[in-house]
Amino acid sequence: MLDARQVLTDLEGVRAALGRRSAEAARSLDAVAEAAEARRRLVGETERLQAERNQANQEMSALARSPDRAAFEARREALKGLSERVKVLETELAELEARVEGLLLAVPNVPHESVPAGHGEEDNVVVRTGGERPAFDFEPAAHFDVGVRLGILDFERAAKLSGARFTVLWGLGARLERALVSFMLDLHVREHGYTEVYPPFLVRAEALRGTGQLPKFEADLFKTHRHVEPGADPESGALYLVPTAEVPVTNLHADEILDGAALPLAYAAYTPCFRSEAGAHGRDVRGLIRQHQFDKVEIVRFVSPEHGAAELERLTAHAEAVLQRLGLHYRVSELCAADLGGSSQKTYDLEVWLPSQGVYREISSCSWFGDYQARRAAIRYRPEPKAKPRLVHTLNGSGLAVGRTLVAILEQCQRADGSVELPAALHPYMGVERLVPGAAGR
RNA sequence: GGAGAGGUGACCGAGUGGUCGAAGGUGCAUGACUGGAAAUCAUGUGUACCCGUAAGGGUACCGCGGGUUCGAAUCCCGCCCACUCCGCCA
């Protein structure tokens, strides 16, 4: 969420910055500014009357103790009107404040000044590449063909159970999924200094509002409900399945004032992620790329504002290290202003090479949110004892999306005979070095 | 599912319808004491918003929302949340 006061004091500046994202985003500011200005005026008026009432009540307190009942009664009658007016203004003000908040919640973050301009995905800037692009003396197969032939991926039985966009993993495939999770967590926890967290997978709407998924992206979420007696509110107790560990982990510190000396805080969490992928009909229908349920290890950092930029580089390097240890070919691209996620002010995507398609696909998104999430979730820190609380900066990145990592391994490490040579880093977790057709699925 | 007791400041914890932003304590900060520290003593320590260049002034906030009242942390109603015991359950 943007700072309402900044919108008022620097409307043109904020509008211009948001305009780099989209014209629509820039336009969304107008209603905010109008409502915020109206609110400011009403606050002044309301507070003046409240002060008047408070002073009158002080006098009433004295009158109540004096023997002059007539004076007390008369004054009391006179004050009824004042109280009524205060109440009316307070009601109006509350409505206006809710309106400002509601409008502001829908405004995306301002792109950082260092973010390249652009109109869409095609304007993202490739920053660097990593690993070697594997060479094949045969036509590399798609991961779903590799996986089905190995007997480790089963889309048909998953569809029987749950419909499209779900997968059953068998045998060494299931073990590989688990191995990847352990490998990634171990790397971040033992070598990168992250604290491992295991959060709830179901969260309240407030948590999703804190990180920015709500109110705008409800359609992308799976929402649960509890059994309620007829007539009871069906919304009562409703919870959402987490679309990413970012939500529960970032909101761990919602409504808290952190000790400045404790920053930066760094958390790594494995969770499954659930996304309804509304609006993605027909895209990536085959294979593991786009699923309703997938595993991800997420890394999250809470930092002081002055370190935000450097922290994004650090976090990105931590995510990148996973690809490097696995020996996978990838590239890092910086998203242009138009392609940025709504809450982010600067993002690097890690994209892994998929030889069957000859393209790079997103496998991690590392974002610096500035104080956008911190303001929504009220995550602050005290720089020094006694100092005024300030909003932290939050960052997070996939480290990595496990399903897509498995895809990349099946594709980049495949051999002509249909087997897959596993990265050395996974051997201790797997107990085997290769996935062989006819043996892997059992 | 049954029964019960609660939600107050960074934290713990008192609170009679008016002088309560709220006792007391912890923690923290500054000063005194000390060779230094501990202990002790003194003083100071909430958040947000509005006006103001500033100094400063004002308003709101005792889970949330409504009601009663000239006036609500305190009374009434609804909701939300978390806790205890029993039962059930991995």
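Computed over heavy atoms, backbone and side chain alike; hydrogens, waters and symmetry mates excluded. Fair warning: this is a prediction, and the values are worked out from it, not measured in the lab. Naming: A, B, ... by sequence-line order, numbering from 1 per chain.
- In terms of phosphate contacts, A/Ser83 brings a side-chain nitrogen or oxygen within less than 4.0 Å of OP1 or OP2 of B/rG71.
- Here A/Arg39 does not reach the OP1 or OP2 of B/rC49: none of its side-chain N or O atoms lies under 4.0 Å away.
- Taking only side-chain nitrogens and oxygens, A/Arg380 comes nearer than 4.0 Å to OP1 or OP2 of B/rA48.
- Nearest-nucleotide mapping onto RNA chain B: of A/Ala387 and A/Lys80, the residue sitting toward the 5' end is A/Ala387.
- Between A/Arg39 and A/Leu93, the closest side-chain pair of non-hydrogen atoms falls below 4.5 Å.
- Taking the ring centroids of A/Phe274 and A/Tyr240, they lie at or beyond the 6.0 Å cut-off.
- Atom C1' of nucleotide B/rU69 and atom CD of A/Glu84 are separated by 11 Å, given to the nearest angstrom.
- Put simply, CD on A/Glu45 is 16 Å from C1' on B/rC49, counting in whole angstrom units.
- Between A/Leu258 atom CG and B/rC11 atom P the separation is 12 Å, expressed in whole Å.
- Pairing for B/rC88 is absent, with no Watson-Crick or G-U wobble pair whose two atom distances lie under 3.5 Å.
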### Task
For each nucleotide in nucleotides 51-61 of chain B, reading 5' to 3', give B when a protein heavy atom comes within less than 4.0 Å of its base, S when such contact involves only the sugar-phosphate, and - otherwise.
S------BBS-
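- Checking A/Arg75 against A/Arg5, the closest nucleotide of RNA chain B that is more toward the 5' end is the one next to A/Arg5.
- Across all strands shown, B/rG56 forms a Watson-Crick or G-U wobble pair with B/rC51, both key distances being under 3.5 Å.
- Checking the phosphate oxygens (OP1, OP2) of B/rA48, a side-chain nitrogen or oxygen of A/Lys388 falls inside 4.0 Å.
- What separates CE of A/Met60 from C1' of B/rU19 is a distance of 15 Å, to the nearest Å.
- In this model, the phosphate group of B/rA82 is approached by a side-chain N or O of A/Arg204 to a distance below 4.0 Å at OP1 or OP2.
- Remark: B/rG9 base-pairs with no nucleotide; criterion is Watson-Crick or G-U wobble with both hydrogen-bond distances under 3.5 Å.
- By the 4.5 Å heavy-atom criterion applied to side chains, A/Arg361 and A/Glu411 are not counted as neighbours.
- A donor-acceptor contact under 3.5 angstrom links the side chains of A/Thr211 and A/Gln213, judged on distance only.
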